[in-house]
Amino acid sequence: MQGLNELLSGATESLAELTPELILVAGIIIVLFAGLFGNKNHVLFNILTLASAVASLAYILAGGFDTDVVLFNMLRRDGFGEFLMVLVD
């Protein structure tokens, strides 16, 4: 049976593979908080949305399309999955 330290180290290593999704979530949260302040300038929202999508896309393309298993063999990152992330982004 693995100890807690081994389990947590495996989880933190898997977070690096989820960075494109985390970038998009952070962008969504920033856009939502910017909307709370009643900003009538829609250019800010467009720029923030575009910046988070481009940052996620750049991270995906820089990482390559290699196959990797993350989150204790519950998720597989491969070339087709990366292609779909680029397509949906």
Side-chain angles (χ1 to χ4, degrees):
M1 187 165 159
Q2 292 180 340
L4 183 60
N5 287 335
E6 289 89 16
L7 291 174
L8 290 178
S9 68
T12 55
E13 292 169 0
S14 295
L15 283 179
E17 297 293 328
L18 299 175
T19 304
E21 289 85 0
L22 295 175
I23 291 172
L24 287 177
V25 167
I28 290 170
I29 290 172
I30 290 171
V31 168
L32 287 175
F33 278 124
L36 288 176
F37 295 113
N39 189 357
K40 301 297 182 204
N41 189 3
H42 297 293
V43 175
L44 174 68
F45 299 116
N46 295 338
I47 291 172
L48 288 173
T49 303
L50 186 63
S52 63
V54 167
S56 176
L57 179 67
Y59 190 86
I60 291 169
L61 294 177
F65 295 107
D66 54 343
T67 301
D68 208 6
V69 178
V70 294
L71 291 175
F72 309 110
N73 296 327
M74 292 188 291
L75 181 65
R76 177 178 297 272
R77 300 283 304 256
D78 57 356
F80 185 67
E82 302 287 328
F83 168 72
L84 287 178
M85 280 199 307
V86 168
L87 189 64
V88 171
D89 252 0

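Values below: all heavy atoms of this structure, side chains included; hydrogens, waters and symmetry mates excluded. Computed from a predicted model, the values in this text were never measured in an experiment.
Taken from CG in Leu57 to CG in Leu24, the straight-line distance is 9.5 Å, to the nearest 0.5 Å.
Under the salt bridge (charged side-chain N to carboxylate O under 4.0 Å, His left out) criterion, no residue pair touches residues 41-50, with sequence neighbours excluded.
The shortest heavy-atom contact between Pro20 and Ser56 is O-OG, 3.3 Å.
Side-chain atoms of Ser52 come within 3.5 Å of backbone N or O of Thr49 as a donor-acceptor pair.
The side chain to side chain contact (heavy atoms under 4.5 Å, CB included) check on Leu50 picks up Val54, with sequence neighbours excluded. Looking at residues two or more places apart in sequence or on another chain, you find a side chain to side chain contact (heavy atoms under 4.5 Å, CB included) between Thr19 and Ile23, Tyr59.
One hydrophobic cluster, built from ILVMFWY side chains closer than 4.5 Å, holds both Phe33 and Val25.
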